[in-house]
Each structure stands twice: as structure tokens, then as C-alpha cells.
A.B. asks: 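This structure is in C-alpha cells; I'll ask about it shortly.
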Amino acid sequence: MRATDSREFEHIRETLFELLDKKRIKLLRQTLEEMNEFDVAEFLSEIEPAKMAMIFRMLSKEKGAEVFANLDVGEQEFIINSVSDTELGDIIEELYVDDAVDMMEELPANVVKRVMRAATPDTRSIINQYLNYPENSAGGIMTAEFIDLKKYMNVKESIARIRRIGEDKETIYTCFVTSSDRRLEGVVTVKELLLANDDDVIEDIMDRNLIYVSTTDDRETVTEKFSDYDLLALPVADSEGRLVGIVTVDDVIDVLEQEATEDIEKMAAITPSDKPYLKLGVFEIWKNRIPWLMLLMVSATFTGIIITSFEDALAVQAVLMAFIPMLMDTGGNSGSQASVTVIRSISLGDIEFSDIMEVIWKEIRVAVLSGVALACATFAKILLVDKLIMGNPEVSFLVSLVVCITMALTVFCAKFVGCTLPMLAKKAGFDPAVMSSPFITTIVDAISLLIYFSVAKILLHI
């Protein structure tokens with residue numbers, strides 16, 4: 001069923017609320033059954049809990065499972081607590097395995113126990129198997145609902161098999177050819193089957209150039225495969241090369257969203273959370289932020305120590321204090337530009353640690369150009385604004401020269417730090433996003449002050 005645009009959905013939403021208010025339940029149920037499951041979930045999330053449970057129970061078993069998979073975890077928990085064990089069992093059996101596993105990982109332990117009791121032994125076994133895969137692995141996001149064919153089958157037999165078992169599969173467009181012991185031998189698409197003759201054998205039309213991942217591979221490896229090869233489905237094999245599941249493109253989109261959110265949070269010095277912002281409590285938000293703030297506060301004390309150690313110099317040339325914020329901010333921004341560029345390239349697989357010298361050489365050239373441009377602009381700004389317009393008599397040519405030299409050297413060091421730290425972090429096994437703006441800014445602040453006061457002591461003899 002097609003999704004609706006925002007204006008169309010708003011009109012349908014008003015109609016649904018009108019039917020609900022007038023208690024025209026039969027027409028309401030019929031309308032919901034014809035809607036896209038995502039839109040139904042959106043509607044259910046907007047009504048009061050008691051009515052949400054009532055309307056959900058009106059849906060057919062198949063539609064209810066599709067809608068359930070699109071609800072937030074909190075809403076899923078409420079539905080689970082509102083239905084009988086039999087109804088809950090029907091929901092679990094209709095869910096795709098990957099959706100059921102995602103739900104299990106988010107629900108409270110007592111709710112998970114009830115869900116597992118309601119599931120059939122086979123489903124319970126599969127879910128337990130998936131839950132045992134490493135976190136963020138291909139095995140954790142795959143689904144067991146796929147079409148498998150045999151190479152000795154002909155096209156007519158294959159299409160008949162797809163029609164027979166395809167209704168409950170995650171995707172039927174990409175079919176995987178397996179041996180008697182479930183080893184992956186090839187892949188064939190429905191397009192190829194439809195364009196072939198009925199008597200053609202699968203072995204003759206299947207693609208033997210297999211692209212697959214292992215159950216223990218990181219999910220970032222999965223996203224790279226989809227991006228590199230423009231896949232709709234990717235097979236997942238166990239340690240013995242047997243096909244155990246597939247990852248579909250909709251799962252990859254969810255992974256990309258989660259990875260992007262996680263990187264953004266790390267780059268902002270926040271502990272990542274799986275919950276949406278509005279679902280987070282104040283204490284939980286505080287808990288995610290305060291450790292990083294504490295760490296950055298302690299690390300920022302180095303800048304205070306540096307300033308304190310040069311108090312005598314500042315007493316002689318107090319005007320130097322006025323330019324500290326500009327130098328520190330410019331250095332921090334320069335470092336952040338380099339780090340964000342490198343972190344993004346690492347995440348896309350564009351650069352590896354072996355490219356570090358090439359990256360450094362490129363950033364050095366950028367730093368020289370940026371440093372010279374900023375130093376010239378700073379010199380003009382100091383003479384025109386600080387000396388002529390503001391009329392500050394303490395701003396001399398030598399003071400201007402100190403600030404400009406420091407600006408150029410600070411930008412150079414900031415670019416160097418910004419491009420190397422993420423790559424070193426990746427090499428050491430850390431997430432490069434951790435070495436992002438807050439940390440790099442703190443490091444560059446300290447470096448810029450050391451450069452500033454060192455240059456000032458040499459040129460101003462203080």
C-alpha cells in the first residue's frame with residue numbers, strides 16, 4: 001500500500017478522528033485496513049492509550065503485526081500489556097524476525113519474558129539465536145525470511161515456489177540459490193526469472209559472483225556493501241558458509257540513521273542514546289551529558305594553567321589578553337574543519353590509516369593557505385579597527401606581528417591535530433567521532449596559548 005503525503009494524511013487523519021468520535025467503528029476499521037501501516041501507526045500514536053489499544057485489536061492479524069512493527073517501543077509495550085497471551089502470540093508470529101529482535105532489545109525484561117512465553121518454541125529459538133549475535137553485527141540486523149532456490153530447479157518450478165512461500169518473506173525480488181546443506185551458491189532476481197524461459201535451469205541463469213557478509217561482521221560493513229554494489233538484499237552466512245539470513249535495504253536505512261545520530265552525538269560530546277529526544281527523561285539526558293562536560297572542564301584547566309604561568313608577561317603587555325579569544329576560536333574552528341572532514345571520509349571508507357601521510361600533506365598545504373590568509377586579514381583588522389578606529393595606543397606594529405604569526409602557526413597546528421587524531425583513534429580501535437570538535441578544540445586552545453606567549457616573549461622581549 002502506498003504511503004500518503006502530509007496534506008493527504010492530514011485530511012485522512014481528520015476523517016479517522018471523526019469516525020472515532022461518532023463511533024462508526026466498522027467504517028473506521030475498514031479505512032485503517034486500506035491505509036499504509038506506517039500511517040496507521042502515526043494515527044494510533046496520536047490518540048489516548050485506551051482507545052489506541054481498542055483500535056489496534058480491531059485490526060486483522062496481518063495488519064496488526066505490520067502496524068505494531070512501526071510503533072515506538074513505549075507504544076509497543078502498552079499494546080503488549082493490553083492484549084491477551086493468544087493475541088500477543090499472533091503478533092509475534094506475524095512479525096518479521098528482525099523486527100521482533102529489535103523490539104526485544106528495547107523492552108523491559110519483564111515484558112520480554114511475557115513475549116517469549118507467548119511465542120512458539122520455533123520462534124523463541126530463532127529470536128534467542130539472533131539475540132546472541134554480537135551487538136551491532138550483521139547477525140543482529142538480519143532476517144530469516146528469504147526465498148531460497150536450488151540450482152537444479154527450472155524457472156517454472158522456481159516461480160511456483162516463490163508464489164507458494166513468498167507471502168511471508170521479507171523480500172521476494174532477490175532469491176538465493178543454496179545447496180542441500182544450505183551453502184550459498186548463487187543469486188537470481190525475479191526479473192531474470194520472468195525474462196527467462198520456463199524450462200531454463202537456475203544454474204544457467206544465476207549469478208555466481210557472490211557478495212555476502214558473515215554474521216559477526218560489523219553492521220557498518222553491511223552498509224558499505226549496499227553502497228558499493230547497489231544491493232536490495234545482502235545474504236548473511238555463518239562461520240561455515242551456510243546461508244542463515246539476509247539484510248534488506250530498509251534495515252540498512254535504519255542502521256545509517258542510527259549511525260549518523262550516534263556520530264553526531266559523539267561529536268557533540270554526548271553519550272549516544274537509542275531513545276528519541278522527547279522520550280528521554282531529564283535525568284537521563286543529564287547522565288548522558290555530564291561525564292563529557294566534566295572531562296572537558298578538567299581538560300580545559302590546562303589553558304588556565306598556561307595563562308597563569310604567563311601572568312608576568314601579560315602584566316607587561318596587557319593588550320595581549322584582548323586577542324586570546326580570537327586566536328583560540330580560530331584555532332578550534334580550523335581543527336574542527338579538518339577533523340569533521342576526516343571523520344566523514346573514514347566513515348565512508350574513503351581513507352584508511354595507510355593514507356595518513358597523504359592526508360597530512362594535503363592538510364598542511366590547506367593550513368598554509370588558510371594561515372596566510374587569516375594572518376593578513378588579522379593584521380589589517382588590528383591596524384584598522386583596534387589601532388585607528390578604537391584608538392588603542394598599546395597596539396603596536398610588534399603586537400600586531402605577534403598576533404599574526406600566532407594566527408598562522410595556530411591554524412597550521414590545528415589542521416595537523418584535526419586530521420591526525422581521528423585517524424590515530426581509528427587505528428587504536430576507538431570511534432573517530434570521539435576525537436571530534438570538543439576534544440580537538442581543547443587541545444588546540446592549549447597549543448595556541450603556548451604559541452602565542454612564546455612568540456610574544458621572543459618578539460616583545462617580555
Side-chain angles (χ1 to χ4, degrees), residues 1 29-30 32-41 43-45 52-133 139-148 161-176 178 182 215 233 235-236 238 243-248 250-251 254:
M1 296 181 184
R29 180 182 183 276
Q30 181 182 343
L32 292 173
E33 288 287 343
E34 296 172 355
M35 289 174 57
N36 180 276
E37 58 271 13
F38 178 81
D39 293 333
V40 177
F43 170 68
L44 291 181
S45 65
M52 178 179 71
M54 178 194 72
I55 294 174
F56 179 83
R57 297 179 77 167
M58 294 190 317
L59 301 174
S60 65
K61 186 167 62 174
E62 294 78 10
K63 190 71 173 183
E66 293 172 349
V67 172
F68 185 85
N70 285 279
L71 294 172
D72 290 337
V73 175
E75 293 162 351
Q76 289 178 337
E77 182 180 353
F78 181 82
I79 293 294
I80 290 171
N81 292 328
S82 302
V83 299
S84 66
D85 288 344
T86 302
E87 291 171 317
L88 178 57
D90 291 339
I91 293 172
I92 301 304
E93 294 307 311
E94 289 293 329
L95 282 176
Y96 290 123
V97 175
D98 56 335
D99 291 331
V101 172
D102 289 341
M103 176 188 70
M104 296 294 196
E105 291 176 338
E106 300 291 337
L107 289 173
N110 61 319
V111 180
V112 170
K113 288 180 180 178
R114 180 169 177 240
V115 172
M116 294 297 274
R117 284 198 305 267
T120 63
D122 289 343
T123 301
R124 193 158 52 239
S125 176
I126 294 174
I127 290 174
N128 280 326
Q129 178 186 345
Y130 276 56
L131 290 173
N132 287 328
Y133 287 119
I141 61 173
M142 71 180 184
T143 180
E145 288 91 0
F146 57 87
I147 299 288
D148 62 313
R161 175 172 171 78
I162 293 171
R163 287 173 176 163
R164 186 172 66 253
I165 67 172
E167 183 177 358
D168 296 326
K169 304 305 179 183
E170 182 97 1
T171 179
I172 64 170
Y173 181 77
T174 306
C175 306
F176 301 96
T178 59
R182 294 193 292 115
T215 54
V236 183
D238 62 15
L243 182 63
V244 292
I246 64 170
V247 179
T248 51
D250 60 313
D251 299 317
D254 291 338

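The chain is numbered in sequence order, starting from 1.
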A.B. asks: Mind listing the closest non-hydrogen atom pair of R124 and R117 along with its distance?
C.D. replies: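 Shortest heavy-atom contact: NH1-O, 3.9 Å.
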A.B. asks: Closest approach of A69 and D99, non-hydrogen atoms and distance?
C.D. replies: CB-OD2, 3.9 Å
A.B. asks: Kindly give the heavy-atom pair with the smallest separation between V101 and Y130, and that separation in Å.
C.D. replies: CG2-CB, 3.4 Å
A.B. asks: Do L44 and V67 touch side chain to side chain, with heavy atoms closer than 4.5 Å?
C.D. replies: yes
A.B. asks: With a sphere of 6.0 Å drawn around CZ of F78, does it hold more than 12 non-hydrogen atoms of other residues, nucleotides or ligands?
C.D. replies: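 Enclosed: over 12 neighbouring heavy atoms sit under 6.0 Å from CZ of F78.
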A.B. asks: Examine distances only and state if a side-chain atom of E33 and a backbone atom of S60 form a donor-acceptor pair shorter than 3.5 Å.
C.D. replies: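 Looks like yes, one N/O pair under 3.5 Å.
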A.B. asks: Judged by atom type as modelled, is there a donor-acceptor pair below 3.5 Å linking the side chain of K63 to the main-chain atoms of E34?
C.D. replies: no
A.B. asks: Side chains of I91 and Q76, heavy atoms from C-beta outward: is any pair under 4.5 Å?
C.D. replies: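 No, side chains not in contact.
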A.B. asks: Relative to the ring of F68, is the ring of F56 parallel (under 30°), tilted (30 to 60°) or perpendicular (over 60°)?
C.D. replies: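 The rings of F56 and F68 sit tilted, inter-plane angle from 30° to 60°.
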A.B. asks: Which atom names give the shortest non-hydrogen contact between T171 and T174, and what distance separates them?
C.D. replies: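 Answer, listing the atom of T171 first, then T174: OG1-N, 4.3 Å.
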A.B. asks: Tell me if a side-chain donor or acceptor on N36 pairs with a main-chain N or O of F38 at a distance below 3.5 Å.
C.D. replies: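 Such a contact is found between N36 side chain and F38 backbone.
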A.B. asks: Can you find a pair of side-chain heavy atoms, one from F176 and one from I246, that are under 4.5 Å apart?
C.D. replies: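 Of all side-chain heavy-atom pairs linking I246 with F176, at least one is under 4.5 Å.
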A.B. asks: Tell me the closest heavy-atom pair linking V115 and L88, and the distance in Å.
C.D. replies: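 Looks like CA-CD2, 4.0 Å.
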A.B. asks: Of all the heavy-atom pairs spanning M142 and G245, show the shortest one and how long it is.
C.D. replies: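 Reported closest heavy-atom pair: SD-CA, 3.8 Å.
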